[in-house]
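Below is one structure, written out as structure tokens; comments come after it.
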Amino acid sequence: NLPKEAFIGVDPWCISIDTAQRWERAFSEKQQKLVQTTKNLVDEVWKNRPQAEINAVIVHPLKFAGRSVADKLKDLRKRLLQEQARGIIFTALDEVAWLYNIRGSDVDYCPVVHAFAIVTINTAFIYVDKRKVSVEVQAHLVENEIEIREYTDVSSDVTLLATDELDTVSTVKRVNGGHQAEENSNLIWADSGSCCYALYAKLNPDTVLLQQSPLALAKALKNSVELDGLKKAHIRDGAAVVQYLVWLDKKMQDVYGASGYFLEKDSVKKEKQLQSLKLTEVTVSDQLESFRASKEHFKGLSFPTISSVGPNAAIIHYSPKAEACAELDPDKIYLFDSGAQYLDGTTDITRTVHFGKPSTHEKACYTAVLKGHIALGNARFPNGTNGHALDILARIPLWKDGLDYRHGTGHGIGSYLNVHEGPHLISFRPHARNVPLQSFMTVTDEPGYYEDGAFGIRLENVLIVKDADTKFNFGDKGYLSFEHITWAPYQAKLIDLKLLSPDEINWLNSYHSTCRDILAPYLDEVESAWLKKATEPIGA
């Protein structure tokens with residue numbers, strides 16, 4: 001809309017290299033220019049801005065991390081030499097946290113620290129508000145030969161990095177001695193998708209290696225300690241979800257006269273309830289959080305719970321607000337998508353339930369979603385396959401009826417880190433960075449169906465990618481499969497058994513049997529009896 005030769009100002013700290021370069025190309029078509037502002041204009045007019053919180057950095061111990069900082073730095077420096085790079089800049093907060101085995105609470109729901117990192121062949125730096133760094137954290141960083149610099153020093157230090165003078169400012173004494181960079185190692189590595197344009201602008205573009213951070217894949221390939229922790233975290237989390245369903249089932253019957261989780265009858269409408277007894281999307285999700293909070297290693301939620309009734313469940317990223325959310329309704333579908341942060345793993349689970357009498361259409365839609373969920377989870381595929389190629393498996397049962405959903409089917413999960421993690425994903429959208437699935441990755445399996453103004457359905461488990469034991473090995477590629485690590489029942493009364501194949505019924509019965517056995521030690525007598533009923537074998 002601007003005239004030719006206009007100047008468009010941007011805060012270079014707030015956009016990535018990719019975004020800046022894409023805008024520059026678009027603007028140049030009208031001889032317009034992108035200009036970096038020296039100050040953020042919103043900050044200039046933000047009166048009474050609250051002071052930044054000083055949240056402590058914590059050490060993520062080896063018993064949860066599974067790999068030492070020294071090991072991670074050693075592997076990283078090998079990659080630098082392979083790519084003829086002498087240094088790399090990290091601005092993605094989860095990569096800084098993972099590399100240095102630290103965590104924090106600077107971002108809601110994500111246990112990360114506001115920090116930058118620079119690693120060269122010989123040195124390592126972290127840029128963080130030093131008031132957040134305790135004596136213990138300082139000792140951990142120094143022991144790993146990491147120089148602690150003020151958060152704001154990153155700008156001038158990238159300038160030094162550009163002229164190969166950064167190592168001269170390091171005061172950390174190296175026990176292991178330095179490494180000799182190759183003579184032709186003159187590149188600075190920056191991830192164009194996450195590195196901010198402000199830092200890139202300080203480098204000579206001819207000597208910048210613009211490609212995905214090597215930590216993206218390294219972080220996604222979980223080690224044995226992380227995998228063990230994730231499995232244990234998901235068992236405790238599954239117990240919390242079952243406790244919640246038991247509580248909610250009873251409440252829906254007591255407060256609203258619902259037929260409940262198991263029976264399929266019309267609700268007996270009760271007289272209007274006292275305000276104090278009313279169940280809302282927010283009050284019930286608070287109760288779910290309290291069940292999780294009682295579990296070992298709980299640190300908080302991994303994202304705001306999507307607790308949604310009826311038409312609200314058709315809004316994919318619905319976020320209920322206490323003052324304006326819906327009341328629970330025994331005659332409508334209820335969808336809850338939730339997760340938690342535990343010291344040993346991050347969780348993300350979705351279940352869809354009905355406490356009254358679901359319609360034939362709702363059952364058919366739920367069953368189609370379940371069939372896609374089972375098909376993807378049971379997939380076997382050769383090494384080198386990416387999630388884009390598998391996404392169709394979760395959609396075919398819906399496509400048969402002319403239905404679909406407008407979101408991806410799976411994302412990686414962090415190990416006490418971000419609940420959404422790349423670089424892999426399962427999506428209908430081809431993505432330039434979508435790397436092939438590999439053993440030891442985590443990925444969600446979450447197809448859905450959403451009918452505007454009526455209801456929404458989604459089912460989500462976390463899977464681990466593992467080697468498949470196939471009869472043959474065509475092309476010597478090696479084959480992969482998935483292992484479910486999420487444990488909570490699927491509601492039998494929402495399933496139209498006529499639409500399930502014998503194999504699907506067998507899988508469901510097997511999953512429910514395992515679910516019952518795994519969760520039993522975490523439940524009391526009443527909860528165990530409820531789960532036993534919820535996981536009874538079903539027949540065609």
Side-chain angles (χ1 to χ4, degrees), residues 15-23 25-26 92 94-95 110 191-195 210-213 215-217 219-221 302-303 306 313-319 335 337 339 348-350 365 368-414 417-438 441-452 456-465 480 482:
I15 58 170
S16 69
I17 302 167
D18 270 348
T19 300
Q21 292 182 339
R22 193 171 72 249
W23 288 354
R25 287 192 295 272
D94 60 332
E95 292 186 356
C110 304
D191 187 325
S192 57
S194 62
C195 184
L210 285 180
Q211 67 181 30
Q212 187 166 63
S213 163
L215 298 192
L217 181 59
K219 174 166 52 64
L221 297 172
S302 53
F303 58 96
I306 299 171
I315 303 167
I316 293 168
H317 291 116
Y318 175 69
S319 181
L335 181 158
D337 183 346
D348 187 0
I349 174 175
T350 309
C365 293
V369 171
L370 177 61
K371 285 170 75 73
H373 175 77
I374 293 171
L376 178 59
N378 285 340
R380 291 185 172 200
F381 49 95
N383 270 304
T385 305
N386 70 27
H388 177 57
L390 296 180
D391 181 81
I392 188 175
L393 296 174
R395 296 178 193 269
I396 284 175
L398 287 158
W399 286 357
K400 279 183 178 173
D401 290 327
L403 304 178
D404 205 348
Y405 53 96
R406 294 189 186 99
H407 60 73
T409 306
H411 58 83
I413 293 261
L417 264 179
N418 295 355
V419 73
H420 280 205
E421 186 176 88
H424 58 294
L425 67 162
I426 299 175
S427 175
F428 63 99
R429 295 184 185 94
H431 196 287
R433 290 187 162 204
N434 191 358
V435 303
L437 295 171
Q438 298 178 36
M441 283 179 168
T442 57
V443 69
T444 60
D445 171 4
E446 50 179 312
Y449 172 65
Y450 311 90
E451 200 152 292
D452 291 346
I457 295 161
R458 185 162 61 254
L459 297 170
E460 176 184 20
N461 282 5
V462 174
L463 314 173
I464 289 172
V465 185
L480 300 172
F482 294 118

If I compare all heavy atoms of [X] with all of [Y], which pair ends up nearest, and what's the gap?
X: A394; Y: P397; result: O-CD, 4.0 Å
X: L463; Y: D445; result: CD1-CB, 3.7 Å
X: M441; Y: P436; result: CE-O, 3.6 Å
X: V462; Y: D348; result: CG2-O, 3.5 Å
X: I426; Y: V443; result: CD1-CG2, 3.7 Å
X: V435; Y: P423; result: CG2-CG, 3.6 Å

Do [X] and [Y] have side chains that get closer than 4.5 Å, going by heavy atoms?
X: H420; Y: N418; answer: no
X: R458; Y: V369; answer: no
X: Q21; Y: L210; answer: yes
X: T444; Y: I413; answer: yes
X: I464; Y: F482; answer: no

Check ion pair E421-K219 (N to O, under 4.0 angstrom): yes
Hey, is D18 close enough to R22 for a salt bridge, meaning N to O under 4.0 Å? no
Under the side-chain contact (heavy atoms from CB on, under 4.5 Å) criterion, do H373 and N461 qualify, and how do the steps go? CA-CA 9 Å; H373 175 77; N461 282 5; 3.7 Å; yes
With no hydrogens and no angle check, is any side-chain donor or acceptor of H424 less than 3.5 Å from a backbone partner on A220? no
Could you state the interatomic distance from [atom1] ([X]) to [atom2] ([Y]), rounded to the nearest 0.5 Å?
X: C365; Y: L403; atom1: SG; atom2: CG; value: 5.5 Å
X: S427; Y: N386; atom1: OG; atom2: CG; value: 10.0 Å
X: L480; Y: R380; atom1: CG; atom2: CZ; value: 11.0 Å
X: E446; Y: L376; atom1: CD; atom2: CG; value: 10.5 Å
X: Y318; Y: D337; atom1: OH; atom2: CG; value: 14.0 Å
X: D94; Y: C110; atom1: CG; atom2: SG; value: 8.5 Å

In sequence, state the C-alpha distance, the side-chain angles, and the governing distance for Q212 and L217, and then conclude on side-chain contact (heavy atoms from CB on, under 4.5 Å). CA-CA 9 Å; Q212 187 166 63; L217 181 59; 5.9 Å; no
Y405: partners by side chain to side chain donor-acceptor pair (under 3.5 Å), with sequence neighbours left out: T409
Starting from the C-alpha separation in whole Å, work towards a yes-or-no answer on side-chain contact (heavy atoms from CB on, under 4.5 Å) for F428 and I392. CA-CA 7 Å; F428 63 99; I392 188 175; over 6 Å; no
side-chain contact (heavy atoms from CB on, under 4.5 Å) for T350 and L335? Distances and angles first, verdict last. CA-CA 7 Å; T350 309; L335 181 158; 4.0 Å; yes
Decide if the gap between the ring center of Y450 and the ring center of H407 is smaller than 6.0 angstrom. yes
